[in-house]
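Before any comments, here is the structure.
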Amino acid sequence: MLWQLSIKNLAIIDDITIEFGDGFNVLTGETGAGKSIIIDAIGLILGGRADRDMIRSGENAAAVDAIFEIDANQALIDKLKEFDCYDEEEPQLLISRQIFANGRNVNRINGRPVTIGCLQDISQYLIDVHGQHQHQTLLNKAFHRGLLDSFGQGIVPILQLTKALYEQWHSLCIKILEIEKSAEDFEKNRELLEYQMNEIFDAELIEGEDDELLEKKQLMKNAENITDSLEAAVKYLNEGRRDAEGALDLLRATAEKLRHIANLTQEYEQLHEAADSLYYEAEDLSDSLHKALRHVEYSPEKLEIIEERLYLIHSLKRKYGKTIEEVMQYGISIQQKLKDMDFNMSNLDQLKQEESEASQKLQDACNQLHQLRIAAAKILESRIVEELSGLGMKNVQFSVEITPADSITQYGADNVEFFISTNPGEPMKPLAKIASGGEVSRIMLSIKSALADADQIPTLIFDEIDTGISGQTARAAGVKMKAISKNHQVICVTHSAQIASLADQHYYVSKTHEAGKTRTHVELISGEEREKHIAEMISGSVVTKAALEHARELIQGNAEK
């Protein structure tokens with residue numbers, strides 16, 4: 001429920017805080033004092049449109065803060081968790097809204113910045129506002145099905161089942177359509193895909209193969225130069241140049257000379273060892289050069305084979321990937337696509353069978369839902385007529401028309417629309433054709449009264465819905481709101497003394513003029529002050545003794561009930 005509302009610099013309100021209570025809360029006061037601004041402030045908290053023109057003259061920003069008691073409202077808690085705005089250690093919910101003169105808005109839930117869409121999603125679990133400007137939902141026939149479903153005995157569980165079956169059936173339909181569409185497109189490309197897969201797999205590619213082939217190609221193309229270089233190196237080591245001794249002979253002679261003095265000092269011994277080591281290393285080098293020379297290969301036939309293989313690999317990489325690995329992976333992906341499509345096509349008949357069974361279950365649920373709605377409609381029609389009769393609409397006829405929908409949805413296969421005739425002899429017309437605001441207000445109140453037990457919204461606001469009614473009819477409207485307040489917090493803005501006298505908490509809204517500015521004041525009144533104010537509502541600004549006595553009788557009469 002709405003526990004506290006704080007408003008700052010909104011229109012003529014500079015700074016007020018209202019603490020609402022359980023049960024029936026009534027706001028009264030002179031016209032233009034700010035009652036509608038209070039309702040507008042609540043509308044802002046619920047995600048209503050903000051306009052910088054709403055900011056109090058001379059101020060840079062307006063702010064509205066509302067504190068709600070969460071209690072055990074699990075639907076609200078789940079929605080808050082969805083938006084990551086739930087504090088498990090805090091039993092209250094704080095919603096704040098700031099409007100700045102530069103057009104910027106700041107919205108917060110429990111201190112966390114949120115969007116207007118988030119506020120609007122949350123609001124449907126907090127407050128339901130009804131007034132001269134909030135009846136569009138009632139006049140929208142799309143709203144009627146939900147009202148009937150929340151009223152009907154046993155409808156909600158079947159509706160939940162219908163939604164689950166619809167999702168299952170719809171999912172199967174989409175899957176079948178996707179497979180059939182994919183199969184149609186796939187068959188057009190199957191030949192190409194199979195050709196690409198075979199081209200890749202027939203190549204029997206090996207990762208890194210292209211680098212090895214490029215190296216072999218370079219060696220074979222330079223075979224003559226390699227042979228010349230290796231032969232010259234062998235000659236220099238073994239035969240020397242121009243009949244001179246080879247490098248090996250010279251290194252051996254060097255080592256031999258140093259051997260004769262190696263035993264004289266440690267330095268000479270090290271020089272001998274170094275020369276000896278160089279000789280043996282040169283000898284190993286000579287062996288390696290001979291071996292390398294024997295492995296030099298040149299074959300025009302083999303070179304052609306290598307070049308053809310490299311050309312094939314290059315062609316595949318140009319078409320299917322930058323590397324051999326990517327080409328091979330592409331081939332595997334095509335193979336998997338073909339397997340998946342063959343698998344899906346082989347299971348298509350099974351899916352169609354499942355879809356047929358799901359469709360039948362859904363149809364059965366829709367039929368059951370239809371029968372429950374028909375039964376609920378008869379009871380609701382009777383209840384609404386009874387409620388409206390108590391509000392002075394004695395000859396009213398009310399009908400809930402249930403007709404087949406164009407297609408099955410998660411809500412079943414029914415269209416639901418309310419029809420009404422307010423005068424004898426008039427034909428039944430859609431509720432949207434009702435022109436009288438007072439009649440629509442009474443119809444809305446009757447529906448809310450009929451649905452009071454089923455309605456899960458904790459707070460209901462009735463903004464001057466007593467427009468167009470007075471006397472006993474107004475009192476009957478008040479009695480209905482009072483009854484609704486047993487299970488909901490009700491906040492009502494009214495000009496009716498009969499309704500105001502029923503309040504559990506009575507707030508008086510007034511205005512003063514100070515320093516050239518208008519200020520709104522809200523005070524919780526009781527006792528003699530309340531009696532005097534209700535007397536003013538009865539007789540006007542001049543309170544007569546009779547009006548004061550009538551006010552006492554109204555308040556005392558209500559207190560005794």
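A heavy-atom distance below 4.5 Å is found between the side chains of Ser6 and Thr17. Looking at heavy atoms from C-beta onward, Phe83 lies out of side-chain contact with Ile109 at the 4.5 angstrom threshold. Counting heavy atoms from C-beta on, the side chains of Val156 and Asp149 never come closer than 4.5 Å. Looking at heavy atoms from C-beta onward, Asn105 lies out of side-chain contact with Phe100 at the 4.5 angstrom threshold. Residues Glu281 and Leu285 are not in side-chain contact: their nearest non-hydrogen atoms beyond the backbone lie 4.5 Å or more apart. With contacts defined as side-chain heavy-atom distances shorter than 4.5 Å, the pair Thr162/Leu362 qualifies. Contact check for Leu119 versus Ile45: no side-chain heavy atoms found under the 4.5 Å cut-off. Side-chain contact between Phe68 and Leu76: absent, with no pair of heavy atoms (C-beta onward) separated by less than 4.5 Å.
Atoms SG and CG, from Cys85 and Leu93 in turn, are 8.5 Å apart once rounded to the nearest 0.5 Å. Distance check, rounded to the nearest 0.5 Å: CG of Leu271 to CD of Gln266 gives 11.0 Å. To the nearest 0.5 Å, atom CG of residue Leu303 and atom CD of residue Glu301 are 9.5 Å apart. Note that the CG atom of Leu44 and the OG atom of Ser96 stand 12.0 Å from one another [nearest 0.5 Å]. For the atom pair CG (Leu264) and CD (Glu269), the distance works out to 10.5 Å, reported to the nearest 0.5 Å. Atom CG of Leu248 sits about 15.0 Å away from atom OH of Tyr236, to the nearest 0.5 Å.
Open room surrounds NZ on Lys175; 12 or fewer heavy atoms of other groups in view lie less than 6.0 Å from it. By the 6.0 Å contact criterion, CD on Glu273 is enclosed, its count of non-hydrogen atoms from other residues, nucleotides or ligands being greater than 12. Crowding of Glu325 atom CD: a count of heavy atoms from other residues, nucleotides or ligands under 6.0 Å not exceeding 12.
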Could you list the donor-acceptor pairs under 3.5 angstrom formed by side chains in residues 196-214, with sequence neighbours left out?
{"residue": "Gln196", "atom": "OE1", "partner": "Tyr330", "partner atom": "OH", "Å": "3.3"}
{"residue": "Asn198", "atom": "ND2", "partner": "Glu194", "partner atom": "O", "Å": "3.1"}
{"residue": "Glu199", "atom": "OE1", "partner": "Lys319", "partner atom": "NZ", "Å": "3.2"}
{"residue": "Glu199", "atom": "OE1", "partner": "Tyr320", "partner atom": "OH", "Å": "2.6"}
{"residue": "Glu199", "atom": "OE2", "partner": "Lys319", "partner atom": "NZ", "Å": "2.8"}
{"residue": "Glu209", "atom": "OE1", "partner": "Ile206", "partner atom": "N", "Å": "3.2"}
{"residue": "Glu209", "atom": "OE1", "partner": "Arg309", "partner atom": "NH2", "Å": "3.2"}
{"residue": "Glu209", "atom": "OE2", "partner": "Arg309", "partner atom": "NE", "Å": "2.6"}
{"residue": "Glu209", "atom": "OE2", "partner": "Arg309", "partner atom": "NH2", "Å": "3.0"}
{"residue": "Asp210", "atom": "OD2", "partner": "Lys317", "partner atom": "NZ", "Å": "3.1"}

Solution key, residues 348-356 side-chain donor-acceptor pairs under 3.5 Å, sequence neighbours excluded:
{"residue": "Gln350", "atom": "NE2", "partner": "Glu354", "partner atom": "OE2", "Å": "3.3"}
{"residue": "Lys352", "atom": "NZ", "partner": "Glu180", "partner atom": "OE2", "Å": "3.2"}
{"residue": "Gln353", "atom": "NE2", "partner": "Glu357", "partner atom": "OE2", "Å": "3.1"}
{"residue": "Glu355", "atom": "OE2", "partner": "Trp169", "partner atom": "NE1", "Å": "2.9"}

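Ion pair Glu82/Lys79 flagged as a salt bridge, since at least one NZ, NE, NH1 or NH2 atom sits closer than 4.0 Å to an Asp/Glu carboxylate oxygen. Salt-bridge annotation for Arg145 and Asp414: absent, with no side-chain N of the basic residue lying under 4.0 Å from a carboxylate O of the acidic one.
Of all the heavy atoms in Leu289 and Ala233, the pair that sits closest is CD1-CB, 3.7 Å.
Checked by atom type, the side-chain pair Gln74/Asp78 shows a donor-acceptor distance below 3.5 Å.
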Open item on the list: With side chain to side chain contact (heavy atoms under 4.5 Å, CB included) as the criterion, how do Asp228 and Glu224 come out once you've worked through the C-alpha distance, each side chain's angles and the decisive distance to 0.1 Å?
Closed with: CA-CA 6 Å; Asp228 289 345; Glu224 184 177 353; 4.2 Å; yes

- [ ] Evaluate the side chain to side chain contact (heavy atoms under 4.5 Å, CB included) criterion for residues Thr459 and Leu126: first the C-alpha distance (whole Å), next the side-chain angles of each, then the deciding distance (0.1 Å), finally the verdict.
- [x] CA-CA 6 Å; Thr459 299; Leu126 293 172; over 6 Å; no

Open item on the list: Does Gln363 form a side chain to side chain donor-acceptor pair (under 3.5 Å) with Asn367? I'd like the steps, not just the answer.
Closed with: CA-CA 6 Å; Gln363 188 62 58; Asn367 292 339; 3.2 Å; yes

Open item on the list: Does Arg252 form a side chain to side chain contact (heavy atoms under 4.5 Å, CB included) with Asp249? I'd like the steps, not just the answer.
Closed with: CA-CA 5 Å; Arg252 185 170 59 248; Asp249 293 334; 2.8 Å; yes

Open item on the list: As a quick check of understanding, evaluate side chain to side chain contact (heavy atoms under 4.5 Å, CB included) for Asn60 and Ile55, giving each step before the final call.
Closed with: CA-CA 7 Å; Asn60 294 321; Ile55 300 173; over 6 Å; no

